[in-house]
Each structure stands twice: as C-alpha cells, then as structure tokens.
Amino acid sequence: RAKDGGRGAACFFEPGMDATLRERHALEQDLRAAVASGGFQLHYQPLFSMPEREICGYEALLRWTRPLRGPTPPNDFIPLAEETGLIVPIGAWVLHAACRDAVSWADDRKISVNLSPGEFKRGDIVATVASALAESGLPPRRLELEVTERLLLEDTDAVLSKLQQLRAFGCSIAMDDFGTGYSSLGYLWRFPFDRIKIDRSFVSEMAYDAKAAAIVDTVLSLGRALNLEVTAEGVETEHQAAALNALGCGEAQGYLLGRPRSATEMDPCPPPPLAASATMS
Ligand code: C2E
Ligand code: MG
Ligand code: MG
Ligand code: MG
C-alpha cells in the first residue's frame with residue numbers, strides 16, 4: 001500500500017516497522033481486547049438431513065465486529081489467534097457459549113463446534129469441553145466437534161488420546177474440510193471419526209467438473225465403507241442438491257438450505273406451561 005500511495009505514503013509508518021507487522025500488531029491488540037471484554041458473537045448455520053431437508057443440527061460460527069473496521073471473518077483472525085495462543089480463551093468462550101445457547105433452544109438437535117489445533121496443543125481441550133458440558137447441562141451426545149486434517153499432522157499420539165477422551169464423553173467427532181488438507185486415508189482409519197465433511201470446493205465444482213463429482217462420489221463411498229456419516233458443505237444450488245441426493249449424501253449444509261443466523265434469531269425454549277395450568281383452574 002505504501003508503494004501505491006507514492007513516495008510520501010511511506011512517512012505514515014514508523015521507521016523499521018513494516019506495514020504488515022504494524023497491522024498484525026494492531027489485530028493482536030484488538031483480539032486481546034475482544035477476549036477481555038467478550039467482543040465475540042456466534043452465528044448458527046443449520047445442517048440438513050437429505051433428501052428430506054429437515055434440520056438435524058447447527059454449526060456454531062464465530063463472528064467478530066472489529067472496532068473501527070467492522071465485521072471481520074474468522075479466516076482473517078483465527079490464524080493470528082492460533083499463532084499467539086489467543087485461540088485458547090477464544091475457543092473456550094465458543095464452547096461455553098455454543099453449549100449454553102443450544103440448551104436454550106426449543107429443539108434438541110446437535111450443535112457442531114469447530115476446534116483449532118492450538119486448542120489441543122496449547123490448551124487443555126478435554127477439560128474445556130468437560131466444563132462447557134457441565135456448566136451448560138448439554139447432553140454430550142448433542143455436541144459434535146469439528147477438526148481439520150491439520151490437527152493430525154504432528155504429535156498424533158497426544159491428539160489421538162484427546163479425541164478418544166472427548167468421544168468417551170459421548171461427543172461425536174467430524175473431519176472438516178475433507179479433501180483440502182494433507183488427506184490421508186490412514187487418518188480416517190486410525191482416528192475415531194464419526195463424520196466426514198466434504199469441502200465446499202468439491203461441492204461447488206461438481207456440477208461442472210466430472211473430476212470434482214467423482215471425488216464427492218468417492219468420499220460418499222468411503223463413508224459408507226467405513227461407517228462414517230458424510231456431510232456436503234457449501235450447497236448453493238438446486239443442481240448441487242439434486243446431484244448430492246442422487247449420490248446418496250445423507251447431510252448437507254449451505255446457503256441454498258440455510259444461512260448462518262444470529263443466536264437471537266434462533267427459536268428459544270418454550271416457556272414453562274403456565275398457560276396450561278391457567279386454563280385448568
Ligand atoms: P468451516 O468450519 O468449514 O465452516 C463453514 C464456512 O462456510 C463458514 O464460513 C460458513 O459461513 C461458510 N458457508 C456455509 N455455507 C456456505 C455456502 O453455501 N457458500 C459459501 N460460499 N460459504 C458457505 P465462516 O463462518 O466464514 O468460517 C470460516 C472458517 O472459520 C470455518 O470453516 C472454520 O474453519 C473457521 N471457524 C469458524 N468459527 C470458528 C470457531 O468458533 N472456532 C474455530 N477454531 N474456527 C472457526
Ligand atoms: Mg466446520
Ligand atoms: Mg468446513
Ligand atoms: Mg470449508
């Protein structure tokens with residue numbers, strides 16, 4: 001940017017500190033402040049059983065309105081939160097808030113929460129999930145935890161043990177964004193997954209690209225063979241939904257079916273049956 005602005009623009013920056021570094025520092029400061037002051041929100045995107053299109057759960061998605069900047073998507077700040085360790089308090093807040101919100105809803109569908117590698121490596125994820133479940137009273141079988149292939153790259157024995165402990169609580173585990181990372185079929189065999197989520201990139205191309213369609217088909221077959229549920233991410237068109245139904249995909253998520261919505265837009269738990277006792281008296 002300094003280059004775009006011509007020679008004079010360079011004066012904007014302190015000598016010796018480049019723009020990227022300054023921006024990074026400012027982002028970290030703003031993240032710390034948000035952690036301290038409860039500056040995050042959660043949105044919830046419905047998950048649908050297919051082909052019925054019935055809501056079978058919700059995925060919690062982190063939202064942050066950055067002071068002076070406005071809405072800032074998770075992909076813009078989670079990497080820095082991971083590097084700085086701020087992901088540990090942020091992730092703990094997400095787990096507590098998502099479990100608490102899910103208990104307050106009128107239905108008892110599952111709630112999916114994304115976990116980052118830093119929550120396993122720097123934090124005590126097993127204790128954090130246990131406390132979120134205990135404080136909220138959410139039945140563990142309603143909680144699904146989404147991890148990516150990135151988690152499985154190093155320190156696999158420690159990760160395996162933690163995933164097994166989380167599963168022993170009764171939570172289910174999903175492999176998110178499947179196909180985009182360093183996919184290894186060994187992961188699906190060795191780690192205790194209940195579900196594969198096929199990355200949006202394959203779903204969005206499957207209508208135009210026979211290779212993408214073949215990958216989706218193959219992941220669905222793999223799911224059947226390994227007894228794993230499969231969710232298709234990022235379904236945006238009827239064409240994609242029809243193609244997924246034809247391939248026997250059991251669950252889908254995407255803007256076609258339902259967008260993420262704020263916690264206040266979710267149906268609250270019905271009030272205690274005061275009305276019923278009133279009519280009886
Ligand atoms: P993800 O877990 O794969 O979540 C799905 C992302 O795809 C979400 O983006 C969602 O809004 C978006 N999406 C859903 N349907 C469609 C669609 O039909 N079309 C398109 N174009 N996009 C769709 P979002 O909320 O920006 O989150 C991006 C990523 O950030 C997530 O990907 C997840 O990896 C991460 N993330 C979000 N919330 C959390 C969190 O609480 N903790 C952690 N550790 N990571 C999170
Ligand atoms: Mg996810
Ligand atoms: Mg995903
Ligand atoms: Mg994705």
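Each ligand, and each atom within it, is numbered from 1 in the order the structure gives.
When heavy-atom distances to ligand 1 are checked against a 4.0 Å cut-off, V235 comes that close only through its backbone atoms N, CA, C and O. Within the 4.0 Å heavy-atom criterion, neither part of Q253 lies near ligand 1. Under 4.0 angstrom from ligand 1, there are no non-hydrogen atoms of K197. The part of P74 lying near ligand 1 is the side chain, judged by heavy-atom distances below 4.0 Å. If you look at D177 next to ligand 1, the close heavy atoms, those under 4.0 Å, all belong to the side chain. The residue R259 has no part lying near ligand 1, judged by heavy-atom distances below 4.0 Å. Of the heavy atoms in H43, none comes closer than 4.0 Å to ligand 1. Contact annotation for L61 and ligand 1: heavy atoms of both the backbone and the side chain come within less than 4.0 Å of the ligand. Contact annotation for P260 and ligand 1: only side-chain heavy atoms (C-beta onward) come within less than 4.0 Å of the ligand.
For residues 201-224, the pairs satisfying side-chain hydrogen bond (donor to acceptor under 3.5 Å, both in side chains) are D199-S201, with sequence neighbours left out.
Within the protein, the N, O or S atoms sitting under 2.8 Å from the Mg ion (ligand 2) are E59 OE2, N114 OD1, E146 OE1, D176 OD2.
Counting heavy atoms only, I78 comes closest to atom 36 (N) of ligand 1 of the residues V203, L62, I78. Taking only non-hydrogen atoms, the option from N75, N114, L42 nearest to atom 28 (C) of ligand 1 is N75.
Of all the atoms in ligand 1, the ones that sit under 4.0 Å from a non-hydrogen atom of S116 are 43 (C), 44 (N). The contact set between ligand 1 and E236, taken as ligand atoms under 4.0 Å from a residue heavy atom, comprises 17 (C), 18 (O), 19 (N), 20 (C), 21 (N). Close contacts between ligand 1 and R200 involve ligand atoms 19 (N), 20 (C), 21 (N), 22 (N) [criterion: under 4.0 Å to a heavy atom]. Those atoms of ligand 1 that come under 4.0 Å of a heavy atom in V94, given as number and element, are 41 (O). Less than 4.0 angstrom separates some heavy atom of G234 from each of these atoms of ligand 1: 16 (C), 17 (C), 18 (O).
Residues C99 and R142 have side chains not in contact (no heavy-atom distance under 4.5 Å, counting atoms from C-beta outward). Counting heavy atoms from C-beta outward, I87 and E119 have side chains that approach closer than 4.5 Å. Looking only at side-chain heavy atoms (C-beta outward), F77 and L86 stay at 4.5 Å or farther from each other.
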- Task: Evaluate salt bridge (charged side-chain N to carboxylate O under 4.0 Å, His left out) for E146 paired with K110, printing each intermediate quantity in order.
- Result: CA-CA 12 Å; E146 299 191 2; K110 74 175 171 185; over 6 Å; no

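Residues T231 and R195 bring a donor and an acceptor atom of their side chains to less than 3.5 Å of each other. Side chains of E265 and S262: a donor on one and an acceptor on the other come within 3.5 Å. Side-chain contact of E59 with S112: a donor-acceptor pair under 3.5 Å is absent, judged by distance alone.
Between D176 and R150, no side-chain nitrogen of the basic residue sits less than 4.0 Å from a carboxylate oxygen of the acidic one, so the salt-bridge criterion is not met. A salt bridge links D194 and R167; the closest N-O separation between the charged side-chain nitrogens and carboxylate oxygens is under 4.0 Å.
One distance of note links CZ of R69 with CH2 of W64; it measures 8.5 Å at 0.5 Å rounding.
Relative ring orientation between F191 and F193 is described as tilted, the plane-to-plane angle lying within the 30° to 60° band.
The backbone N or O of G118 lies less than 3.5 Å from a partner atom in the side chain of E82, making a donor-acceptor pair. Here the side chain of E23 pairs no donor or acceptor atom with the backbone of A19 at under 3.5 angstrom.
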